[in-house]
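Below, chain A is the first sequence line, B the second, and so on; all start at residue 1.
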2 protein chains.
Amino acid sequence: MDALDRQIVDHLLRDGRATFQEIGKAVGLSAPATKRRVDRMRERGEIAGFTALIDPAALGWDTSAYVELSYQGNVSADRLKRDLEAFPEVIGAWTITGDADALVHVVAASMADLERVIEGIRAVEQVDRSRTVVVMSRLFERPLHGK
Amino acid sequence: MDALDRQIVDHLLRDGRATFQEIGKAVGLSAPATKRRVDRMRERGEIAGFTALIDPAALGWDTSAYVELSYQGNVSADRLKRDLEAFPEVIGAWTITGDADALVHVVAASMADLERVIEGIRAVEQVDRSRTVVVMSRLFERPLHGK
DNA sequence: TGTGAAACGGTTACAGC
DNA sequence: GCTGTAACCGTTTCACA
């Protein structure tokens, strides 16, 4: 991934539907050359895909929370991934430093829904403790930047 | 935002570069009708934009952390937003329940970089305490789902 | 909302650096 | 390896019904 690729990625982060012509013009490449580079980055997994940025409230997901999860004994990353991916309301999970084993991002349609999901997660085999912070308001979110 | 719009959004979440023709075919609409609906959703802010999903490691952002931030006294959401948006490494911030005032997502190029950024945040006027969990590994992340 | 036509962009093949 | 040009084809985008 060279400097040109990074410029292309930067452009795509800002506008995921930009045409190859547009991007090419911005970085000094022809449209086909730009497309080839994007294709290669997709093949290599550097670009995982493209998506729309949706206001969660518009979809009815107005309640979200971050949950720190502790398991009894040791737990593998694979196991965590499997356990948590099973909940569609979990839109992200990471292993973290500190007391807990994982940090989990849950989105739900209401506080009751959120409670139901977190209870479900807590009921997973060997899950020991959890610490939940509920999101009151989204201040901002933005994609990765090129720096 | 009716059922058709939700179907369109669902499609765009899965493939942000899908053609209007494709989407239209999937939801039973012509391409122009699909485009008009997408345009309207963009105008209403329900679709905030489109972006590429990039592997952070490919861009050199292999260190990230979640930081809970507490201010001295009360602090407005506007103030939090202004303070935190100033750091390009902060890619998301939310007000939360519990002791802290905000939860902040920081991405950095290295542990040293992360430390530098968090020190910068801690040096913001009236910032009192912080609690950082460093992300060891990304288990998964995925866009919002239609349910 | 759909249809049709014109403009535009995507994609491939090929040639050149 | 990489690129650009050119041609073809599909898509977007408009006017209009």
Asks: Can you name the residues that form a ring pair (Phe, Tyr, Trp, His ring centres under 6.0 Å) with H11(A), not counting sequence neighbours?
Replies: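 Listed in chain order: nothing, the list is empty.
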Asks: Between P32(A) and R40(A), name the one whose nearest nucleotide on DNA chain D is closer to the 5' end.
Replies: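 Here R40(A) is the residue nearer the 5' end.
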Asks: Please identify each residue that fulfils side chain to side chain donor-acceptor pair (under 3.5 Å) with S76(B), with sequence neighbours left out.
Replies: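 S76(B) satisfies side chain to side chain donor-acceptor pair (under 3.5 Å) with no residue once adjacent residues are dropped.
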Asks: Sort and list the pairs that fulfil side-chain hydrogen bond (donor to acceptor under 3.5 Å, both in side chains) and have at least one residue in residues 132-144 of chain A, not counting sequence neighbours.
Replies: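 Listed once each, the pairs are S137(A)-T95(B), R138(A)-E141(A), E141(A)-W94(B).
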Asks: Of all of residues 41-50 of chain A, which get a heavy atom below 4.0 angstrom from DNA chain C, listed by number?
Replies: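 Correct list: empty, so none.
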Asks: Taking only residues two or more places apart in sequence, or in another chain, which ones meet R79(A) in a side chain to side chain donor-acceptor pair (under 3.5 Å)?
Replies: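 So R79(A) forms a side chain to side chain donor-acceptor pair (under 3.5 Å) with D83(A).
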Asks: Can you tell me which residue pairs pass the salt bridge (charged side-chain N to carboxylate O under 4.0 Å, His left out) test with a partner in residues 12-33 of chain A, sequence neighbours excluded?
Replies: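 Qualifying pairs: D10(A)-R14(A).
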Asks: When rounded to the nearest 0.5 angstrom, what is the spacing between NE2 in H105(A) and CZ in F140(B)?
Replies: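 Here the rounded value is 11.5 Å.
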Asks: Using a strict cut-off of less than 4.0 Å between a Lys/Arg side-chain nitrogen and an Asp/Glu carboxylate oxygen, indicate whether D2(B) and R6(B) qualify as a salt bridge.
Replies: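 Salt bridge: no.
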Asks: Output all residues satisfying side-chain contact (heavy atoms from CB on, under 4.5 Å) with E46(A), sequence neighbours left out; order by chain, then residue number.
Replies: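 Scan of E46(A) (side-chain contact (heavy atoms from CB on, under 4.5 Å), adjacent residues dropped) gives M1(A), M41(A), R44(A), A58(B).
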Asks: Determine, for nucleotides 5-10 of chain C in 5'-to-3' order, which nucleotides have protein heavy atoms under 4.0 Å from the base (write B), from only the sugar-phosphate (write S), or from neither (write -).
Replies: ----SS
Asks: Residues sharing M136(B)'s hydrophobic cluster, by side-chain heavy-atom contacts under 4.5 Å among ILVMFWY, directly or via others?
Replies: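 When side chains under 4.5 Å apart are linked, M136(B) ends up in no cluster with other residues.
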Asks: Assess the residue pair L12(A) and T51(B) against the criterion (side-chain contact (heavy atoms from CB on, under 4.5 Å)); give the C-alpha distance rounded to whole Å, side-chain angles, the decisive distance to 0.1 Å, and a yes or no.
Replies: CA-CA 6 Å; L12(A) 285 170; T51(B) 193; over 6 Å; no
Asks: How bent is the helix from dT1(C)-dA17(D) to dC17(C)-dG1(D), comparing axes over its five end pairs at each side, to the nearest 10°?
Replies: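 Comparing the first five pairs with the last five, the axes sit 30° apart.
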Asks: With sequence neighbours excluded, tell me which residues meet side chain to side chain donor-acceptor pair (under 3.5 Å) with S130(B).
Replies: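 With sequence neighbours excluded, S130(B) shows a side chain to side chain donor-acceptor pair (under 3.5 Å) to R122(B), given in chain and number order.
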Asks: Using 0.5 Å steps for rounding, measure from the CZ atom of R116(A) to the CE atom of M111(A).
Replies: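 Output value for this atom pair is 14.5 Å.
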Asks: For a 4.0 angstrom threshold against heavy atoms of chain A, report the outermost contacting nucleotides of DNA chain D in 5' to 3' order.
Replies: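 Nucleotide range with atoms under 4.0 Å of chain A: dC2(D) to dA6(D).
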